[in-house]
Amino acid sequence: QVQLVESGGGLVQAGDSLRLSCAASGRTFSYYAMGWFRQAPGKEREFVAAIRWSAGSTYYADSVKGRFTISKYNAKNTVYLQMNSLKPEDTAVYYCAVSTTRDIATKVNEYNYWGQGTQVAVSS
């Protein structure tokens, strides 16, 4: 099985930066893509960013393009989400996920392993 542990969330002010980390373990040979999603209270979980595990190509939601950067460190099976110029509307629980079936994955149902989430709160 695959285990994912997120860290790095917190409370910041608008305009600040945060870096989220996701450490993965188990079946790392089977990873096709890793992604970040977020879910605000009362809203559905939405795609934020994804990275192809082998090729390293990246994909972003329009709402975060130019502000967030996803990256990976294969040797540590870790994926990062650097979040700059944070806005109050970025407030949500952020989840890391792994897809072992698709290498370009931007939808919730394309991922089959999920972390427990880390809270990000941005005050105005």
Side-chain angles (χ1 to χ4, degrees):
Q1 293 298 313
V2 174
Q3 294 81 40
L4 303 171
V5 178
E6 301 103 331
S7 61
L11 172 63
V12 297
Q13 294 187 332
D16 286 350
S17 298
L18 275 177
R19 188 176 81 155
L20 305 183
S21 300
C22 174
S25 60
R27 295 186 60 196
T28 56
F29 61 89
S30 66
Y31 297 2
Y32 279 38
M34 290 188 73
W36 287 96
F37 289 74
R38 66 187 182 187
Q39 188 165 17
K43 295 188 176 181
E44 294 188 353
R45 193 168 298 190
E46 65 174 5
F47 170 73
V48 175
I51 188 165
R52 295 173 71 178
W53 194 245
S54 58
S57 46
T58 57
Y59 308 87
Y60 297 94
D62 287 343
S63 59
V64 306
K65 204 170 292 183
R67 300 188 297 123
F68 291 10
T69 302
I70 188 171
S71 61
K72 62 184 177 71
Y73 185 18
N74 287 46
K76 291 189 174 182
N77 298 320
T78 299
V79 66
Y80 304 97
L81 185 68
Q82 177 66 43
M83 306 186 293
N84 298 329
S85 302
L86 282 161
K87 305 175 181 180
E89 51 264 43
D90 294 319
T91 295
V93 177
Y94 283 70
Y95 296 91
C96 171
V98 164
S99 176
T100 60
T101 58
R102 297 179 63 96
D103 60 356
I104 301 177
T106 62
K107 299 178 181 178
V108 171
N109 61 7
E110 293 174 336
Y111 287 83
N112 43 345
Y113 295 98
W114 293 83
Q116 81 289 349
T118 185
Q119 177 73 53
V120 172
V122 185
S123 63
S124 57

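Closest of all the heavy-atom pairs between Ser123 and Pro88 is C-CG, 4.5 Å. Here the closest heavy-atom approach between residue Ala33 and residue Arg102 is recorded as CB-O, 3.5 Å.
Side-chain contact between Val79 and Cys96: present, with at least one pair of heavy atoms (C-beta onward) separated by less than 4.5 Å. Looking only at side-chain heavy atoms (C-beta outward), Phe37 and Tyr111 come within less than 4.5 Å of each other. Under the 4.5 Å side-chain criterion, counting only non-hydrogen atoms from C-beta, Gln82 is in contact with Ser17. Using a 4.5 Å heavy-atom threshold, the side chains of Ser54 and Tyr31 count as separate. Using a 4.5 Å cut-off on side-chain heavy atoms (C-beta onward), Asn84 and Leu86 make no contact. Using a 4.5 Å heavy-atom threshold, the side chains of Thr69 and Leu81 count as separate. Ile70 is not listed as a side-chain neighbour of Tyr80, based on a closest heavy-atom distance of 4.5 Å or more.
Taking CG of Asp16 as the start and CG of Asp90 as the end, the distance is 11.5 Å to the nearest 0.5 Å. Considering CZ of Phe68 and OG of Ser63, their distance stands at 7.5 Å, rounded to 0.5 Å. Distance CE/Met83 to CG/Leu20: 3.5 Å, rounded to 0.5 Å.
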Open item on the list: Please determine whether side chain to side chain contact (heavy atoms under 4.5 Å, CB included) holds for the pair Val120 and Leu18, giving the CA-CA distance in whole Å, both sets of side-chain angles, and the decisive distance to 0.1 Å.
Closed with: CA-CA 9 Å; Val120 172; Leu18 275 177; 4.0 Å; yes
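Cluster membership for Tyr59 and Met34, using ILVMFWY side-chain heavy atoms within less than 4.5 angstrom, is not shared. No continuous path of ILVMFWY side-chain contacts below 4.5 Å connects Tyr94 to Trp114, so the two sit in separate hydrophobic clusters.
Inspection of the Arg27 and Tyr113 side chains reveals an N or O donor paired with an N or O acceptor under 3.5 Å. Under the 3.5 Å distance criterion, with hydrogens and angles disregarded, a donor-acceptor pair is assigned to the side chains of Ser25 and Gln3.
The backbone N or O of Lys76 sits less than 3.5 Å from a side-chain atom of Thr78, completing a donor-acceptor pair. Under the 3.5 Å distance criterion, the side-chain polar atoms of Ser99 are left unmatched by any main-chain donor or acceptor of Ala105. In this structure a side-chain-to-backbone donor-acceptor pair under 3.5 Å is present from Gln119 to Ala92.
The number of heavy-atom neighbours closer than 6.0 Å to CZ of Arg67, taken from other residues, nucleotides and ligands shown, is above 12. Summarising the local packing, OH of Tyr32 is surrounded by 12 or fewer heavy atoms from other residues, nucleotides or ligands at distances under 6.0 Å. Crowding of Lys65 atom NZ: a count of heavy atoms from other residues, nucleotides or ligands under 6.0 Å exceeding 12.
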Under 3.5 Å donor-acceptor pairs involving side-chain atoms of residues 45-53, not counting sequence neighbours:
| residue | atom | partner | partner atom | Å |
| --- | --- | --- | --- | --- |
| Arg45 | NE | Gln39 | OE1 | 3.3 |
| Arg45 | NH2 | Gln39 | OE1 | 3.4 |
| Glu46 | OE2 | Arg38 | NE | 2.6 |
| Glu46 | OE2 | Arg38 | NH2 | 3.2 |
| Arg52 | NH2 | Asp103 | OD2 | 2.9 |

